[in-house]
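Since the structure comes first, as structure tokens, the remarks are kept for the end.
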Protein chains: 2
Amino acid sequence: MAAPTLRTLARELGLSRTTVSDALCGSHRVKAETAARVRAAAKAAGYERNPLTGAVMSQLRRSRGQQFRGVLAAVEIVEAVHSPLAQRYNDALMSGVMARAGELGFNVERFVVGPQGVRLNRLDTILHTRGIQGLILLPASGFPDLSALSWHRYTAVYADYFIDHPPLHCVCSDHYRSMIALLRELHARGYRRPGLFMEISLSERLQFRWEGAFLALQKYLPEITEVPTLRSRNINFETFAPWFRKHDPDVVIGHFPDAMDWMSACGAKLPSTHGFVCLNRLRTSGNCACVDLQTAQLGARSTELVVGQLLHNELGVPTQPSLTTIPARLIEGPTLRPRGAKPGRGDAKPGKVRAGATSRHSTSEGGEV
Amino acid sequence: MAAPTLRTLARELGLSRTTVSDALCGSHRVKAETAARVRAAAKAAGYERNPLTGAVMSQLRRSRGQQFRGVLAAVEIVEAVHSPLAQRYNDALMSGVMARAGELGFNVERFVVGPQGVRLNRLDTILHTRGIQGLILLPASGFPDLSALSWHRYTAVYADYFIDHPPLHCVCSDHYRSMIALLRELHARGYRRPGLFMEISLSERLQFRWEGAFLALQKYLPEITEVPTLRSRNINFETFAPWFRKHDPDVVIGHFPDAMDWMSACGAKLPSTHGFVCLNRLRTSGNCACVDLQTAQLGARSTELVVGQLLHNELGVPTQPSLTTIPARLIEGPTLRPRGAKPGRGDAKPGKVRAGATSRHSTSEGGEV
DNA sequence: ACGAAAAAATAGGACTGTCAGATTTCCGGG
DNA sequence: CCCGGAAATCTGACAGTCCTATTTTTTCGT
């Protein structure tokens, strides 16, 4: 006897194929009693749905007609005040989200949760009544808890490193790899005493990824003089200057562009005697070399993930959350000497990558930082 | 305007959809003149046939709706000999790939590229004639170059950290975060002198992620005594014993289970005086605590990514490659004392996590390692 | 030159599972 | 008894293929 199909099964049961399909997918549109009956019959008949056909049919049915496919929610969780930087970061993310969502046929609506916006259970209601199923959660300070939402109705991505309530897929910049690539590039330009300053709160938030990569590569790059990291709760001229004067790094890496002034005040000339790289482009005003975290790309990829799951009807919390990362890019600026230029001081040799295993890495990842 | 389909095109041309389909497939059943006319119209209308739908329909028609499945290729690139460990790793990946592929309606075929298998351009031909479009590339040693394949025909994922020829999406274990979580867990169990040994080649391959996380957390965990990492081209008893005797770590972390013997030979008792964690479960024989890299999950996620792109007809090299990671898990074993147990030596205090920011991390990521 | 048979070209039907929208069934209140 | 609304169920349309049916064209013997 031939393998049973949806239609065969439906005829046997005296139901329509749709009802059978819905019943087997656990749709709420079917009466529980009927669904049970269908499942029993399917099991008895040895029916197995063809998942590939199902996927093809699904996208077929959806793509029919006009372009508009639905609405995504961009959810911002604001506990207290929102720093201007966080706001700029979220705006950059959103530009990527909107662009890709538009390409994929979705509209995006922004919601703010917290004291200044709606409460969580109110959001749940709004999303439900509006029929919104796809959520993009913008980075929140601390450890946001969204477990109160009815997750069986939504599919979501958190645009930051980690969320545990509930454990969702995350999308974030690849800080670790970016630091590795940055140091390799600086090394190739002849810098031999890279120094890193870092506020402890920032470092903790990223699980020390900037610093971990920095510490590891200090050990592995050839001819490096290890400059200890300046680690502090509060980085300002008073904490920076003694560290800079004592260890005299030939290139300084850190989050605050103010460091350029501090370096100058200590007698450094940029870029002739010393270099500087800011770790976040959004903090700069375009007057120094910096790392572009590719924020818009992150937003775009987040959107792709959510839409992909939406189109396959994958709602709820994922069984195994994953983290998707995108490498950052080095933006050139007047605070770094280019490749091949002569170092400004005697203790470093002209920038040429040494042969060996590391140089192969350097070649393969040279374009990005 | 909606995307043109076979039927729209046929109506425009005043032909039946069958004729159009045959014409586009270059069937001899259609008059050459008609075929040319159809191809011109298809190009003008921007018609693109959905190959996956085509495959589904074809098999559906032939096999009377039996269980049709698409096909994915799992490609193994073997330069010379394949170490037993690499083989076991790939097999574990494959089990995850096969399982998820089955759920999604795909069969998987394994191909071996290299001296022992087919050449790259031969693979290209095979995949083309078989109509295979989805590729899962298993980890290869070194820096594999697959740019010779006709990438406009395929969508692929590399199941390792990085590939640049061509730059594809990658899926890999999150070694960095796993080390962070592992150290937090060891700290919570009262260990205060963690020591890491690492072969340089291994470390380089992973871009020092194990070590980077280790170095960073040594700085940030409270009450830690920093034990320098044992770093060597070749780790054996002769290199291990002096390091172990000199620094006396209270828990040793590394890839080789042999270290347990070396520790015993130096007078250590596991787990009463010292602990040990192997960094790769596949290297152990189940007699020690170890880190499970979640290999099957990685295979599953890789498959999801490839299938997702296939269903959306997204072929070719991605515009922006991304890296997807999954955290590893700590597997308990007789070489670690449990949480709350008393340390075996006087220099460490009972295992209680200190209050503060780090403890929140520890709580939120405690389950995984 | 004509008609029948052969050949070539094109058209039709059936097949899968899904989803939006239509239709039917059910139930309580007026 | 009927109306309104909700719940449950059904209908139709959709993709590309391939086998078969139908139409059109060509061939060829008389």
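Order of the sequence lines sets the chain letters (A, B, ...), proteins ahead of strands, with each chain counted from 1.
Rounded to whole Å, the distance from CG on A/Asp22 to P on C/dG21 is 15 Å. Protein atom CG of B/Asn50 is 11 Å distant from nucleotide atom P of D/dA15, rounded to whole Å. Rounded to an integer number of Å, the gap from CG of B/Leu24 to P of D/dT17 is 9 Å. Rounded to whole angstrom, the span from the NZ atom of A/Lys31 across to the C1' atom of D/dC10 amounts to 15 Å. If you measure from atom OH of B/Tyr47 to atom C1' of D/dG16, you get 7 Å, rounded to the nearest angstrom. C/dG17 atom P lies 16 Å from atom CG of B/Leu311, rounded to whole Å.
Residue B/Cys25 has its side chain nearest to D/dT17 when only C/dT18, C/dT10, D/dT17 are considered. With C/dT16, D/dA15, C/dA11 as the candidates, the nucleotide lying closest to the side chain of A/Thr5 is C/dT16. For B/Arg17, taking side-chain heavy atoms from C-beta onward, the closest of the listed nucleotides C/dA11, C/dG13, C/dG17 is C/dG13. Of the candidate nucleotides C/dA20, C/dT10, D/dT17, C/dA20 has the atom nearest to the side chain of A/Thr18. Nearest nucleotide to the side chain of A/Thr34, out of D/dA13, D/dT9, D/dC18: D/dT9. Counting only heavy atoms from C-beta on, B/Ser21 has its side chain closest to D/dT17 among D/dT9, D/dG16, D/dT17.
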For side-chain contact (heavy atoms from CB on, under 4.5 Å), just list the numbers for A/Leu149 and A/Leu120, CA-CA rounded to whole Å, side-chain angles, deciding distance to a tenth of an Å, and then say yes or no.
CA-CA 7 Å; A/Leu149 290 180; A/Leu120 213 52; 4.2 Å; yes
side-chain contact (heavy atoms from CB on, under 4.5 Å), that's the test. Do B/Met98 and B/Val108 meet it? Break it down for me.
CA-CA 6 Å; B/Met98 310 267 283; B/Val108 183; 3.8 Å; yes
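Under the 4.5 Å side-chain criterion, counting only non-hydrogen atoms from C-beta, B/Leu168 is not in contact with B/Pro321.
The side chain of A/Ser16 places an N or O atom within less than 4.0 Å of a non-bridging phosphate oxygen (OP1 or OP2) of D/dC10.
By the salt bridge (charged side-chain N to carboxylate O under 4.0 Å, His left out) test, A/Glu76 is found to be paired with A/Arg110, residues two or more places apart in sequence or in another chain being considered.
Judged by distance alone, the side chain of B/Asp292 and the main-chain N or O of B/Gln294 form a donor-acceptor pair under 3.5 Å. Here the side chain of B/Tyr158 pairs a donor or acceptor atom with the backbone of B/Ala140 at under 3.5 angstrom.
Backbone-only contact: B/Arg49 has heavy atoms under 4.0 Å from sugar-phosphate atoms and none from a base. Within 4.0 Å of A/Val30, counting heavy atoms only, lie sugar-phosphate atoms of the nucleic acid but no base atom.
In summary, the side chains of A/Ser21 and A/Thr18 do not present any donor paired with an acceptor at a separation below 3.5 Å, with no hydrogens or angles considered. When only modelled atom types and interatomic distance are considered, A/Tyr154 and A/Asp124 share a side-chain donor-acceptor pair under 3.5 Å.
Put simply, OG on B/Ser16 and CZ on B/Arg11 are 12.5 Å apart, with the number rounded to the nearest 0.5 Å. Note that the CG atom of B/Leu24 and the CZ atom of B/Arg39 stand 8.0 Å from one another [nearest 0.5 Å].
Residues of residues 6-15 of chain B having a heavy atom closer than 4.0 Å to DNA chain C, listed by number: B/Gly14, B/Leu15.
Of the two residues contacting DNA chain C, namely B/Val56 and B/Ala32, the nearest-nucleotide position lying further toward the 5' end is that of B/Ala32.
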Please list each protein N or O that sits under 3.5 Å from an N or O in nucleotides 20-24 of chain D, with the distance.
unit_1	atom_1	unit_2	atom_2	d
D/dT20	O4	B/Arg29	NH2	2.6

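Donor-acceptor pairing under 3.5 Å, judged by distance alone, is absent between the side chain of A/Ser58 and the base of C/dG17.
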